[in-house]
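See structure below.
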Amino acid sequence: MEITYASPSASDLLRSSTAASGSTMPTPRTIKIIPLQHPDTSSYGSPGGFGNNSSSSSLWPNSWISRFRGKIRRMTFIDWIEMFLPCCRWIRTYRWREYFQVDLMAGTTVGIMLVPQAMSYAKLAGLEPIYGLYSGFVPIFMYAIFGSSRQLAIGPVALVSLLVSNVLSGIAESSDALYTELAILLALMVGILECIMGLLRLGWLIRFISHSVISGFTTASAVVIALSQAKYFLGYDIDRSSEIVPIIKSIIAGSDEFSWPPFVMGSTILAIIQTMKFLGKSRKHLRFLRAMGPLTAVVLGTTFVKIYHPSSITLVGDIPQGLPSFSIPKSFQYAKSLISTAVLITGVAILESVGIAKALAAKNGYELDSNQELFGLGVANIFGSFFSAYPTTGSFSRSAVNHESGAKTGLSGIITGSIMCCALLFLTPLFEYIPQCALAAIVISAVITLVDYEEAIFLWRVDKKDFLLWTITTTTTLFLGIEIGVLVGVGVSLAFVIHESANPHIAVLGRLPGTTVYRNIQQYPEAYTYNGIVIVRIDAPIYFANISYIKDRLREYEVVGNKSTKRGPEVERIYFVILELAPVTYIDASAVQALKDLHQEYKSRDIQVE
């Protein structure tokens, strides 16, 4: 239906404006009227009370299916290609003159940073350094094709390496071939789980884990990682554990075997890396130093060893030369014992990698689908497991360097992978003389930034409940181990969510002076209330878990105050209870029945409910 409309004064306004401009008067504007469609009142039950909403809720699957079908119909052939191969989105619009130089620089920078880090993280995982290089090769290429982020740098990371070491050390010795086979099998399991969650769009499940839990978990893990690398600085072995107490006891027990040369070299290299990182962050013209730190550590350590040949400093040793060969993961009989770790690593991938990818996408002006991102990470891990890689995910430090270096597309990842390929083909003989303490210094430098004490200070100032959650997660992870720490943190986080849901916010409303606006009288003490009338607003969905709490609070609001008299306090009588349910988005059957019972209870006491 279309009508024309012009206000009574519009003609005079148009005449004056046309007279001044000398132009002809435009025709009246056409307005399209969209009729308001009211829902079927029969689905709300009886007109005098709360009805059964099963009819309206039954329409939800049909509406979801219809929207999905509409989306499928609107997709073009190019949309289908981009959905399965997200790399086509930047390939179609690639500007060679503008993007290639910065992508080449960013990819080269990250590649130089990744080579020594990959070997360091492999040692942290209890594997030979070559498997770190393998993990930074095939997964990078696969992610560049199937991943949707254009700046995320994936590969081995410290936290995942610690998780791998934690679970596999209880099954096999790190020197056994079984240990390596299980690490590769774990990569396959993580990849399959990530792909399933991405295809079924289940990434939202991890939203129930609070950021405070993740911050506390990473802080505690960083401390454990740093202490686990102390053996390369001290010159003697310490017990492998994910708990802080056994590690400290082992360090103290072996103090009589302390060796000065690796300690001095490791501390010096760590100081150099930290200094370069600080200068790279604080001064823009020295930004390149941040990525050059790990490479500098390796070069300085190797040069010192080649010149002086110190016998007290342990070296990486022989590293196989060449690209990884295709092989199918083995030892599937141990898959059941790896499920919990695979789930945990997948959770870390969703919370950290997807979080980083979304932040980088927002900064660079493009949209990112978290489920597509999860699928891309899964494909990278699955194909990586066929070429001897252990689980990989997005890296904080390398992604930041990639973004700061100006990376525009996934081509920077392909260049990083090419550098890893060259390292595997030509440079592995040089890696034989890298000191172990240099690789340990790289790991410690990387995990120092994960100690998020600033987050703890912020939580203390903003929300004591989140600070308590951070403290519980950090403490349990440090003293009881990684898996128990995560379980406790997630359990407490869910308990807080359930408590907030079962105890929703309820407010008594009053009218602001001189207006018809009603607000919470706790926030607006000047708001007026009326004798015998109480207006209550419920700020949450009403369902079986919180209806008892809501009923108890409504009964409390029957008495809104006491009047002081000579004979003592006099209870004020309530005749009307008005429920403001605008914020309520959902009412289940249990809540409907409970509200009906409450209505009858009020009616028996001559209190009207509106």
With ring centroids as reference points, do [X] and [Y] lie under 6.0 angstrom apart?
X      : Y      : answer
Trp460 : Phe458 : no
Phe386 : Phe326 : yes
Phe387 : Phe383 : no
Tyr134 : Phe137 : no

Can you measure from [atom1] ([X]) to [atom2] ([Y]) and round to the nearest 0.5 angstrom?
X      : Y      : atom1 : atom2 : result
Ser405 : Gln151 : OG    : CD    : 11.0 Å
Ile448 : Ile225 : CD1   : CD1   : 12.0 Å
Thr109 : Arg398 : OG1   : CZ    : 13.5 Å
Ile442 : Leu295 : CD1   : CG    : 8.5 Å
Tyr390 : Leu163 : OH    : CG    : 11.0 Å
Thr476 : Glu483 : OG1   : CD    : 12.5 Å

Check: [Y] and [X] side chains under 4.5 Å, non-hydrogen atoms:
X      : Y      : value
Leu459 : Glu455 : yes
Tyr131 : Pro156 : no
Thr392 : Asn381 : yes
Thr428 : Asp318 : no
Gln117 : Ser397 : yes
Leu300 : Ile272 : yes
Val490 : Leu494 : yes
Thr302 : Leu430 : no

Show the numbers, then the answer: is there a side-chain contact (heavy atoms from CB on, under 4.5 Å) between Thr416 and Asn402?
CA-CA 10 Å; Thr416 300; Asn402 199 30; 5.6 Å; no
Is there a donor-acceptor pair closer than 3.5 Å between any side-chain N or O of [X] and the backbone N or O of [Y]?
X      : Y      : result
Ser493 : Gly489 : no
Ser412 : Gly107 : no
Thr473 : Leu469 : yes
Glu373 : Ser148 : yes
Asn364 : Leu360 : yes
Ser337 : Tyr334 : yes
Thr218 : Ile214 : yes
Ser161 : Tyr121 : yes
Ser250 : Pro246 : no

Decide yes or no on side-chain contact (heavy atoms from CB on, under 4.5 Å) for Leu289 and Lys277, but give the supporting numbers first.
CA-CA 6 Å; Leu289 290 178; Lys277 185 186 293 187; over 6 Å; no
Using a 6.0 Å cut-off, check whether atom [atom1] of [X] has over 12 heavy atoms from anything other than its own residue.
X      : atom1 : result
Ile328 : CD1   : no
Phe278 : CZ    : no
Glu173 : CD    : no

What pair of heavy atoms forms the shortest contact from [X] to [Y], and how long is it?
X      : Y      : result
Ser212 : Asp466 : OG-CB, 3.4 Å
Ile313 : Cys437 : CG2-SG, 4.4 Å
Gln321 : Leu425 : NE2-O, 2.6 Å
Ile81  : Cys88  : CG2-SG, 3.6 Å
Gly394 : Leu152 : CA-CD1, 4.0 Å
Gly216 : Thr474 : CA-OG1, 3.2 Å

Tell me whether Lys306 is salt-bridged to Glu432, with the criterion being a basic N under 4.0 Å from an acidic carboxylate O.
no
When you look at Val115 and Phe431, which way does the side-chain contact (heavy atoms from CB on, under 4.5 Å) test go after all the steps?
CA-CA 10 Å; Val115 171; Phe431 298 155; 3.6 Å; yes
If you apply the rule ring-ring contact (aromatic ring centres under 6.0 Å, His included), what do you find for Phe258 with Phe263, and how did you get there?
CA-CA 9 Å; Phe258 175 75; Phe263 180 79; 5.5 Å; yes
Looking only at side chains, do [X] and [Y] share a donor and an acceptor under 3.5 Å apart?
X      : Y      : result
Asp452 : Thr219 : no
Thr393 : Ser353 : yes
Arg240 : Ser228 : no
Ser331 : Glu181 : yes
Ser445 : Gln274 : yes
Thr346 : Glu194 : no

Reference residue Ser241; test side-chain contact (heavy atoms from CB on, under 4.5 Å); the match among Leu227, Ile248, Ile247:
Ile247
Less than 6.0 angstrom from the centroid, inside 45 degrees of the normal: does Lys465 satisfy that with respect to the ring of Phe496?
yes
Check whether Tyr366 forms a cation-pi arrangement with Arg150 (NZ or CZ under 6.0 Å from the six-membered ring centre, at most 45° off the ring normal).
yes
Before you tell me yes or no, could you show the steps for Tyr236 and Ile251 under side-chain contact (heavy atoms from CB on, under 4.5 Å), namely the whole-Å CA-CA distance, both residues' side-chain angles and the distance that decides it to 0.1 Å?
CA-CA 9 Å; Tyr236 58 88; Ile251 292 174; 3.8 Å; yes
